[in-house]
Each structure stands twice: as C-alpha cells, then as structure tokens.
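Note sheet for the following structure.
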Amino acid sequence: GVWRQTRALLFKNCLIKCRTKKSSVQEVLFPLFFLFWLILMSMMHPHRRYDEVANTDLGTLDPSQLVNFVIGYTPPTQMARKIMKKVAFDNFEDGIITEEYLSEEELQEASALKPSNFVGVVFKDSMSYQLRFHDSIAMSSIYMESR
C-alpha cells in the first residue's frame with residue numbers, strides 16, 4: 001500500500017533529478033548564491049551601535065524664551081484640544097498661546113505671517129503628529145543620516 005507508493009514516488013523523483021541535472025544543480029546553487037550575496041551585503045553595511053546617553057539635569061526652562069510663543073494645531077478635534085490644553089497650562093505658569101486651525105493650509109498661512117515664534121502641530125491621529133516650522137517639517141533624527 002502506502003509504503004510501495006511512497007517508494008515508487010521517491011524512485012520517480014530520483015529519476016527525474018538524474019535526467020535533469022542542469023535544473024537540479026540550479027535548484028541547489030541559486031539559494032546558496034543568494035545566501036552568499038546577503039552575507040556579503042550585511043558585511044558591507046554593518047549595524048551601528050550607539051552608546052547610551054547618561055542622564056543629565058538640563059536645568060529649568062527659561063520662560064523669557066517663550067514670550068509670545070504660539071503653537072497652532074490642526075485638525076481641531078476633542079482629543080487635540082485636550083492635548084494642547086495640557087501642553088499649554090500644565091507645563092508653564094503663564095501658559096503658551098495655542099490656536100486651532102481648520103486645515104493644514106490655514107496653519108501654513110499662519111506660520112508664514114509669524115515665522116519666528118510659531119510652531120505648528122498636525123495631528124495625524126490620536127497617537128501621532130508632525131511638527132511644522134516655517135517652510136519645513138521636523139523629521140526624526142533616525143532619518144537624518146540617510147538624507
């Protein structure tokens with residue numbers, strides 16, 4: 001039964017492999033070639049390890065730098081308002097001026113009018129955002145090396 005069918009199938013596959021030596025060799029060599037290529041590429045671009053940064057006391061924030069500082073944000077959702085209220089009043093005694101804008105275009109126009117003391121915050125969803133400065137988008141330091 002099963003043993004004879006398995007033996008016959010194994011014998012048939014061995015015959016096919018012996019008769020098609022070129023494709024059989026390719027089946028073995030191509031994965032080895034690609035494995036060698038991957039190892040070579042990983043050796044050419046080794047992983048970089050960064051040392052830890054020691055904890056340091058940065059001191060107090062100079063509130064005189066935040067005079068007339070404006071943070072604009074969009075879209076004006078309930079979650080964004082809650083976050084911006086916490087940023088404005090919980091961290092600073094006098095509070096920072098926050099302004100909400102209906103769209104990113106309005107936010108860009110406002111940043112063009114007052115570029116020195118304006119930062120825009122664009123909430124993508126409740127967990128992610130982008131900072132917008134005059135004519136630029138703040139990028140994460142992870143991507144600066146590839147730029």
Side-chain angles (χ1 to χ4, degrees), residues 2 5-6 9-10 12-14 16-147:
V2 175
Q5 287 180 351
T6 306
L9 185 60
L10 184 62
K12 181 187 113 182
N13 287 339
C14 287
I16 291 172
K17 292 295 178 190
C18 289
R19 290 179 184 165
T20 57
K21 289 182 178 138
K22 183 178 178 182
S23 66
S24 298
V25 169
Q26 287 176 350
E27 284 180 15
V28 172
L29 291 182
F30 275 146
L32 292 175
F33 170 74
F34 288 124
L35 180 65
F36 171 74
W37 185 255
L38 285 172
I39 291 171
L40 182 67
M41 292 302 291
S42 68
M43 290 172 67
M44 289 174 61
H45 299 286
H47 297 289
R48 293 190 180 161
R49 303 219 188 280
Y50 296 99
D51 294 333
E52 289 183 11
V53 176
N55 291 337
T56 57
D57 183 18
L58 299 176
T60 59
L61 180 65
D62 185 11
S64 65
Q65 294 178 350
L66 299 177
V67 173
N68 297 326
F69 193 76
V70 179
I71 299 177
Y73 63 95
T74 188
T77 61
Q78 188 63 29
M79 180 61 79
R81 287 185 188 109
K82 186 176 174 183
I83 291 170
M84 295 311 292
K85 181 179 178 185
K86 187 167 186 69
V87 167
F89 294 108
D90 289 356
N91 298 321
F92 306 101
E93 302 86 31
D94 299 332
I96 295 177
I97 301 167
T98 59
E99 297 175 354
E100 63 181 46
Y101 296 94
L102 297 177
S103 66
E104 287 188 51
E105 290 79 22
E106 288 183 22
L107 185 73
Q108 289 174 351
E109 289 174 11
S111 71
L113 295 175
K114 41 192 167 193
S116 63
N117 62 345
F118 186 86
V119 173
V121 180
V122 179
F123 289 95
K124 298 299 180 188
D125 55 33
S126 63
M127 298 298 289
S128 64
Y129 61 90
Q130 283 184 334
L131 295 178
R132 302 279 174 109
F133 299 97
H134 182 63
D135 293 332
S136 67
I137 298 174
M139 301 290 268
S140 173
S141 61
I142 298 169
Y143 302 109
M144 294 305 281
E145 182 179 317
S146 64
R147 274 180 125 184

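A quick note: this is a predicted structure, and the numbers were derived from the prediction, not measured.
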Minimum heavy-atom distance [X]-[Y], with the two atoms named:
X    : Y    : answer
F118 : L107 : CZ-CD1, 3.7 Å
A80  : P75  : CB-O, 3.6 Å
P76  : L102 : CG-CD2, 3.9 Å
T74  : Y101 : OG1-O, 2.9 Å

Can you tell me how far [atom2] of [Y] sits from [atom1] of [X], rounded to the nearest 0.5 angstrom?
X   : Y   : atom1 : atom2 : answer
M43 : H45 : CE    : NE2   : 12.5 Å
F36 : L29 : CZ    : CG    : 13.0 Å
K12 : Q5  : NZ    : CD    : 12.0 Å
K17 : C14 : NZ    : SG    : 9.5 Å
Q26 : T20 : CD    : OG1   : 10.0 Å
Q78 : I83 : CD    : CD1   : 11.0 Å

**Message:** Taking CZ in F123 as the centre, count heavy atoms belonging to other residues, nucleotides or ligands within less than 6.0 Å. Is the count above 12?
**Reply:**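 Counting other residues, nucleotides and ligands, CZ of F123 exceeds 12 neighbours.
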**Message:** Tell me if the NZ atom of K124 is crowded by more than 12 foreign heavy atoms within 6.0 Å.
**Reply:**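 Yes - once you tally the heavy atoms of other residues, nucleotides and ligands closer than 6.0 Å, there are more than 12.
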**Audit row: K85, R81, side-chain contact (heavy atoms from CB on, under 4.5 Å) steps and yes/no** = CA-CA 6 Å; K85 181 179 178 185; R81 287 185 188 109; over 6 Å; no
**Prompt:** Hey, are the side chains of V121 and L131 touching, using non-hydrogen atoms and a 4.5 Å cut-off?
**Reply:**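 The answer is yes, as the side chains (C-beta and beyond) meet within the 4.5 Å cut-off.
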